[in-house]
Each structure stands twice: as C-alpha cells, then as structure tokens.
Amino acid sequence: MRFKRPRGTQDIFGDRMDRWNIMEKRLIELAARFGYTEIRTPVFEVSDLFIRAVGEGSDIVSKEMYTFRDKKKRSLTLRPENTAPVMRAFLENGLHRRGGITRFFYIGPMFRYDRPQAGRFRQFHQFGVEALGSSNPGIDAEIIDLSLEVYKAFGFRGLEVRLNSVGCPKCRPSFIETLQSSLSGLGKELCDACSERAVTNPLRVFDCKDCDDVKKKLPVITDNLCDECMMHFKELQSLLTDMRISFVIDPLLVRGLDYYTKTAFEILHPGAGAQNALCGGGRYDGLAEDCGGPFIPAIGFSSGLERLLDNIPDDALDLSTGRKTDLFFAVPDQEFCAKAMNLASELRGAGFSIEVELSGRAMKKQLKTASESGACYTLILGNDEMEKDGVTIKDMETGGQVLVPFDEVVRYIKRGRKEKFE
RNA sequence: GUGGACAUAGCUCAGCUGGUAGAGCCCUGGAUUGUGGUUCCAGUUGUCGCGGGUUCGACUCCCGUUGUCCACCCCA
C-alpha cells in the first residue's frame, strides 16, 4: 500500500470505536448534568487568535502549530487547544451581552505538531468545559468538581488534585522580577536548561526535575499574590474543603499557556507514566480583553480523551451490553437476495436491527458470522424455503429452527421479542 | 527539537556468528454435496519498512531515510 496515515494520527474503528462512543456519550451526559451545553467551533482559526491568546513564547505557538496559508494567503492554524476559539465564538456572537454565566462544553480533535509518545498524538481529542462571565471562586470550585466527576464516572481512583494560583497582571510581573533576581544569584547551581529558562521563562524552572534542591531556595508565588488573588485563592480552598474535595497545593504548578490567571489546577493519575496529567485547567480572566473584547472573567479545563480512554480501569467500561444486531439473515442462494432484503426492511420497519449476508459464502461461514454478530435469530432463505414460501428461523441459543411463512415472519420475531430482546 | 530501542504474513511473533523465510491466530476449502459457537485434515499467506553500500551471496553487517515505541523539552 502506498499510503500511510500521517505521523501521530490514528484510525479508530471496531471495539475501540465502541469505547469512544460510550465514553463520549457519558461525558456529554455529565456535562449536561452540570448545566453545560455543547459548542462546536471550527477546527481551524485565524493564526493570530492562538498567537495572541496562547502566547508567542509558549511552546505551543513557537513549535507545535499546524499553520498553513489558504488560497487568499490568509494564515490559518489547526486548533491546538479550544479555549481561545470558544472565547472568540463567545465574543463574536455577542453572547457576553446576555449577562450571567455562560457554560459551554466541547469535544473534538485538536492538533499539535509534537513528537508522538505514549498518550500523545498530533491529532488528539479533548473534552473541555468553559464557564464564562463570573469571577466568583464558586465557579472555580464547580469546574474542579466537574472535572473530578468526569474521572469518577469512569471508575478512576486515587486521583490527585493539584492546585495553585498563578496571580494576575497586578502581582505576577513583580513576582517574576524577584524570581529572576533570585535565580541569577544561584548561578551554576542551575542545570543548563534552567539557566536558559531563568531568562526566557522563569516560571518554568519550577517544572524542572533536576533542580529540586534549587527550587527550595526560590520565592514562591503563593507568598507573593496581591490581596485580590490571595482572597480568591483562600475562598476557593475553603469552598473545596466544604465540598469535601481534597487537593494538594502545589506552588510549583505553572501552566504553559500565557492566558492563565489566578487558579491553575491539574488532575493527576499516579501510575500513568510520563503522561500522568489527565486534565488541566485554570482561570483566564484576561483572555477576553486580549481578544479585543470587554473584561470577561472565565475558567475552564480540558481533558485529553486518549489519555482518559487508555487509563480507564479495566472493569469500569462495560462493552458487553451492546449487542450489535438482533437478527442475521443468511442467504445460501444469492439469487434470493432481493427477497431477503425485502424481508429485512420489513423487520427493520418493525424496529429490529438485521444484517443481511450478501457474500454468497458457504452456509457454514454465514452461520459462523451470524454467531459472531451476536444475533439471537438467524433467518435462512434458500431453495427449500422459497419452494414453501417461507424462511427458516434458527434460534442461535438453542440451535432449534422452524419454517415460518413469509407473511408471519415479523409476527414470529415479535413474539420472541419478550424473551430475546428485553 | 534531543536521546535510546525497534521495524519479518491481515494480527502476535520466531529466524543462532551473512547461504534469498517459519509458528500460532485469522482467512479459504474439506470431513458435514445448505447449518455456528468444539474437533480434525488441507491450502493461501510476504517487494523480511524504504533507498543505498559491503559481499560470490544480505532478513541478517554498515550508512541514510521513513515509521513505531520509550524518555526529555512541553503538554492533554
């Protein structure tokens, strides 16, 4: 074969497709239970949206975007994340004029030109939630609660909520300054990578795994918050405590996207390897203004669905309930296909699902396929049956079979419905 | 973008220090001339990822390339 799927992409079908469908259905139900409605935005946007929102210095923008030009030379980008597009849609459609809180969820593919690895793809899928229009810490708590419910719904245990506040434009710049000066005083105690980070993106030093000793000497953001951020942070903590949601304050948690303010959180799944962050989120009070809109405080999170699906405990997602077809139609003589298909549509009209075997293969194979399809009854239409104006109906559990006249087939199957299909 | 491992039949894999490929599953046919989920028999599996080099000869060694996996950067 000449063609292969592009690097970091995947074909989803069969059992895995079933699992995806079950997972998505459950996510949508859960979001609805919290009053979130779905929003679908384009998979590509004007490149500037991401450059402005996510931040020019971020890795996402500097090396991971799928950017291309269309025939009018406009620069477009396959969305690497969906918070900025949702905010763009919110503003563009004038939804902020409705007032109150707007709650959206989304589910769909995202694209990042990154090196594929366990739980990481170039086209991947995210489920995410955005609540726009409130700076109340209560909505932060709601979002964290919702994100945890997602994983509970799939049988996860032992999850850990990491919580931090990354400040706001009032307090973060001065913190970064003190951080930088304290970093420059450390000189060679820093690893090579961190020496660079100290200049380009000092907050990222907190992510370094080699510089643990150094980190203890650094100032901590939660000690340097302005009054407003501090109060927000404290209120959120007490709300979470009231809601019996346990969390770990992690002053080293910094998010890679520029738009985050105040609350930042992650949900960790210990034992998932390097890709143990199942979901990340936070508040982005400045994003609406960055996009040229009014001040709209907002918070959200997004969850990587491949990571979710691959980490679901084995016993938690039951696939055995989904019978594919009720009935199977074996047709040993292909000349009778038309008659079989007519009967099949009659049965479909009566609400049954039925698969018609049109390959003309040996009976043995047809029955084998019937067996694997999980059908309760197999209808057989060949020479013998045609001569008697009926079809053979075989009960796949008992193996017994009877000849049923054509005009009684639907009634016969319906009679069996009670025990077989309910 | 960096480092490491790997790449053989549709799938899972074997193939020792170079002599041009094998098993299981699947699939097809038969025992059962139209009857499955259990047997038994037989058969088809293939540019040994791609390109180049060394060699009388390369799946095997060397180089490059593409892809996969793992880790880093970063992130979901």
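Letters A, B, ... mirror the listed sequences (proteins, then strands); counts begin at 1. Keep in mind it's a predicted model, so treat the numbers as computed, not measured.
- For the P atoms, the distance from G34(B) to C59(B) is 47 Å, rounded to whole Å.
- The aromatic rings of F105(A) and F127(A) are tilted relative to each other, their planes meeting at an angle between 30° and 60°.
- The environment of R52(A) atom CZ is sparse: at most 12 non-hydrogen atoms of other residues, nucleotides or ligands sit within 6.0 angstrom.
- The CG atom of D310(A) sits 11 Å away from the P atom of C69(B) (whole-angstrom rounding).
- Counting only heavy atoms from C-beta outward, the side chains of L240(A) and L163(A) approach each other to under 4.5 Å.
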Dot-bracket summary - RNA chain B, pairs being Watson-Crick or G-U whose distances fall under 3.5 Å, with | when paired to another strand: (((((((..((((.....[..)))).(((((.......))))).....(((((..]....))))))))))))....
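- Across U44(B) and G49(B), the matching P atoms stand 23 Å from one another, rounded to whole Å.
- When the side-chain nitrogen and oxygen atoms of Q117(A) are compared with OP1 and OP2 of C70(B), none of them lie within a distance under 4.0 Å.
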D310(A)/R16(A) under salt bridge (charged side-chain N to carboxylate O under 4.0 Å, His left out): CA gap, chis, key distance, verdict: CA-CA 10 Å; D310(A) 292 339; R16(A) 193 166 166 84; 3.2 Å; yes
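- On the P atoms, C63(B) is 32 Å away from G46(B), given to the nearest whole Å.
- Here the CZ-CG distance, from R172(A) to L225(A), works out to 10.5 Å after rounding to the nearest 0.5 Å.
- Annotation: F44(A), atom CZ; neighbour count of heavy atoms from other residues, nucleotides and ligands within 6.0 Å does not exceed 12.
- Ranked by how close their nearest RNA chain B nucleotide is to the 5' end, R112(A) and G8(A) are led by G8(A).
- With no hydrogens or angles considered, a side-chain donor-acceptor pair links E142(A) and Y36(A) at under 3.5 Å.
- Atom CD of E306(A) is separated from atom P of C69(B) by 12 Å (rounded to the nearest Å).
- For the C1' atoms, the distance linking G30(B) with U35(B) amounts to 16 Å, nearest Å.
- Side-chain contact check for T392(A) and Q401(A): no donor-acceptor pair (N or O, by modelled atom type) lies under 3.5 Å.
- Taking only side-chain atoms of A277(A), from C-beta outward, the nucleotide of G67(B), C74(B), A76(B) with the closest atom is A76(B).
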Please step through side-chain contact (heavy atoms from CB on, under 4.5 Å) for the pair D326(A) and I354(A), ending with a clear verdict. CA-CA 6 Å; D326(A) 301 324; I354(A) 175 163; over 6 Å; no
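- When each of H125(A), E306(A), R5(A) is paired with Q10(A), the side chain to side chain donor-acceptor pair (under 3.5 Å) condition holds for E306(A) and for no other.
- For C61(B) and C74(B), the C1' atoms lie 38 Å apart once the distance is rounded to whole Å.
- A straight line from CZ of F121(A) to C1' of U68(B) spans 11 Å, rounded to a whole angstrom.
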Nucleotides 28-46 of chain B: protein proximity per nucleotide (B base, S sugar-phosphate only, - neither; heavy atom, under 4.0 Å): SSBB--BBBB---------
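- Rounded to whole Å, the P atom of A14(B) lies 8 Å from the corresponding atom of A7(B).
- If you measure from atom CG of D59(A) to atom C1' of C75(B), you get 9 Å, rounded to the nearest angstrom.
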Show your working on side-chain contact (heavy atoms from CB on, under 4.5 Å) between E346(A) and L343(A) and close with a plain yes or no. CA-CA 5 Å; E346(A) 223 184 297; L343(A) 272 174; 4.0 Å; yes
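- Contact of the T9(A) side chain with the F121(A) side chain is not registered, since no non-hydrogen atoms from C-beta on lie closer than 4.5 Å.
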How does each nucleotide of nucleotides 1-11 of chain B score, in 5' to 3' order, for protein heavy atoms under 4.0 Å: base (B), sugar-phosphate only (S), or none (-)? BBB--------
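- Counting non-hydrogen atoms under 4.0 angstrom, S302(A) reaches the backbone sugars and phosphates but no base.
- The C1' atoms of C25(B) and U60(B) are separated by 27 Å, rounded to the nearest whole Å.
- Mapped onto RNA chain B by nearest heavy atom, R5(A) and E266(A) fall at different nucleotides, with R5(A) at the one closer to the 5' end.
- A straight line from OH of Y66(A) to P of C75(B) spans 18 Å, rounded to a whole angstrom.
- Between T67(A) and T77(A), the side chains place a donor N or O and an acceptor N or O closer than 3.5 Å (distance only, hydrogens not considered).
- For K4(A) and U65(B), the NZ to C1' distance is 11 Å, given to the nearest whole Å.
- For the C1' atoms, the distance from U12(B) to C26(B) is 11 Å, rounded to whole Å.
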